[in-house]
Amino acid sequence: MLQNIRVVLVNTSHPGNIGGAARAMKNMGLTKLVLVDPEDFPSPEARARASGADDILDGAQVVGTLEEALVGCSLVVGTSARDRRIPWPLLDPRECGKTSVEQVQAGGEVALVFGREYAGLTNEELQRCQYHVHIPSNPEFSSLNLAAAVQVLVYEVRMAWLEQEGLPSKVEKVETTAMLNAQPVTVDELERYYEHLESTLVEIGFLDPEKPRHLMSRLRRLYGRSGISKLEMNILRGILTETQKAARGEVSKRSDK
C-alpha cells in the first residue's frame, strides 16, 4: 500500500535535503521519490545525508515539471507554510496521513508535494493540489527544514497505515532473556526464596525470630499474588545476597566496577 504514495520534491536547492528526505521515507516504509528539476542531483552530499537509504536515491525519478511528477495520481496534497489568498481545503498532518491511506486503499495513487526550501510551492503549484497540508509548528519559529517536514508527513502516513492494517504502533522492548522472563517461578523456588528472605531479615535485625509477628506470612501473601517470573526471582535472590554481604561487612564485587 505504501508503495503507491510518492514524495515529490520541487526544485530542491540543497542536495542534503534530498538525502534527508530519502532517509525519512525509508524509515517509514515509503520508497517512491520524485524530484522536479532539482538544482544538484545526483550528489555525494545527498548520499551522505541519506545514511543508508541509497536505494531510494537510486530509484528516484527526475522530471522537469510538476505535471510530470503527478502523472497517475488520484490525490495530490501540497505542503503550505503560510496563508494564501485563495481559500483551499486544508488538512493537518494526521488528517493527511489518514486521507492518503484511504485513497491508496481504494486503489489510487497519492503524491505528497513539498516546495522549495526558501519559498515553498507557488500559488499555481498549490492549485494543482486537491488539499493543502499545514504543519502546525510554533508560530514564533515556524520554518521547518525540508527533510524534517517530509519526516512529519511520512510518519503520519505510517501511523495511519499501521492502524488500517491492524498492526501495533508500539513495540515492547524484547529482553535477551525474554524466555526466562516469561517463565513463572515454581513453588519450590519460592520456598527457597522465602528461606533466603527470612534468614536475611534476621541477619539485618528486621525480623526477630522470637517475635515474628506474622511477618513472613504477610510477605508470603504479598509475593504469592505478584506472579513472579524466574528472571525476577533471580533479581530478588541477588538483592538478598548483596544485602547479606553488606551486613557482614564484605566487599561486594559490584562496588569494584
Side-chain angles (χ1 to χ4, degrees), residues 2 20 23-30 48-53 92-94 97-98 101 135-138 140-141 144-145 147-148 150-257:
L2 296 179
R23 179 180 183 178
M25 290 173 61
K26 187 161 186 176
N27 284 154
M28 298 298 120
L30 279 72
R49 284 283 304 278
S51 299
D92 65 29
R94 193 143 300 170
K98 183 178 180 181
V101 168
I135 299 172
S137 53
N138 179 3
E140 296 179 3
F141 193 69
L144 273 173
N145 171 267
V150 172
Q151 182 74 77
V152 170
L153 293 198
V154 296
Y155 167 79
E156 292 296 347
V157 164
R158 184 165 188 83
M159 291 297 286
W161 174 74
L162 289 172
E163 182 178 0
Q164 183 67 46
E165 294 294 301
L167 298 172
S169 59
K170 294 187 291 185
V171 180
E172 300 295 338
K173 182 180 178 182
V174 179
E175 300 181 23
T176 55
T177 52
M179 290 299 294
L180 185 62
N181 191 39
Q183 290 180 305
V185 69
T186 62
V187 173
D188 53 296
E189 287 170 331
L190 264 177
E191 285 302 319
R192 287 195 293 272
Y193 171 70
Y194 293 140
E195 292 172 7
H196 193 177
L197 176 61
E198 184 173 5
S199 65
T200 302
L201 295 178
V202 170
E203 191 167 344
I204 64 175
F206 190 84
L207 172 62
D208 183 352
E210 300 298 326
K211 299 177 182 179
R213 299 182 182 276
H214 306 292
L215 177 61
M216 289 307 302
S217 296
R218 292 189 173 93
L219 289 174
R220 279 175 174 270
R221 287 200 298 271
L222 171 63
Y223 286 110
R225 63 174 181 262
S226 298
I228 301 171
S229 70
K230 289 181 179 292
L231 177 61
E232 291 165 340
M233 178 55 69
N234 289 342
I235 294 171
L236 291 171
R237 292 292 295 271
I239 292 172
L240 294 181
T241 298
E242 293 301 318
T243 301
Q244 288 176 316
K245 288 180 181 179
R248 297 166 188 164
E250 298 177 11
V251 178
S252 171
K253 292 181 179 179
R254 289 177 178 270
S255 63
D256 297 336
K257 296 180 180 179

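FYI, side chains are in, hydrogens and waters are out, and symmetry mates aren't considered; it's all heavy atoms of this structure.
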* Looking only at side chains, do Tyr223 and Tyr194 share a donor and an acceptor under 3.5 Å apart? -> no
* Flag the pair Lys98 and Glu156 as a salt bridge only when some basic side-chain nitrogen lies within less than 4.0 angstrom of an acidic carboxylate oxygen. => no
* Can you tell me how far the OG1 atom of Thr243 sits from the CG atom of Leu197, to the nearest 0.5 Å? -> 10.0 Å
* Would a 4.5 Å heavy-atom cut-off, applied to side chains only, mark Glu232 and Val185 as touching? -> no
* Verify side-chain contact (heavy atoms from CB on, under 4.5 Å) between Arg237 and Arg192, making sure each step is shown before the conclusion. => CA-CA 9 Å; Arg237 292 292 295 271; Arg192 287 195 293 272; 3.8 Å; yes
* To do: Can you measure from OG1 (Thr241) to CD (Glu250) and round to the nearest 0.5 angstrom?
  => 10.5 Å
* **Contact check, side chains of Arg220 and Glu191, non-hydrogen atoms, under 4.5 Å** => yes
* **Distance in Å, Tyr193 OH paired with Glu189 CD, rounded so as to fall on 0.5 Å steps** => 13.0 Å
* Side chain proximity check, Gln244 to His196, heavy atoms < 4.5 angstrom -> yes
* Can you tell me how far the CZ atom of Arg158 sits from the CD atom of Glu165, to the nearest 0.5 Å? -> 10.5 Å
* **Side chain to side chain, Lys230 and Pro184, heavy atoms closer than 4.5 Å** => no
* To do: Mind checking the CD1-CG spacing from Ile228 to Asn234? Nearest 0.5 Å is all I need.
  => 11.5 Å
* Asked: Where do Arg23 and Gln151 land on the side-chain contact (heavy atoms from CB on, under 4.5 Å) test, with the steps shown first?
  -> CA-CA 9 Å; Arg23 179 180 183 178; Gln151 182 74 77; over 6 Å; no
* Enter the distance from Thr200:OG1 to Leu240:CG here, rounded to the nearest 0.5 Å. => 4.5 Å
Determine all donor-acceptor pairs shorter than 3.5 Å in which one atom belongs to a side chain in residues 207-219; sequence neighbours excluded.
residue : atom : partner : partner atom : Å
Asp208  : OD1  : Glu210  : N            : 3.0
Arg218  : NH1  : Arg213  : O            : 3.0

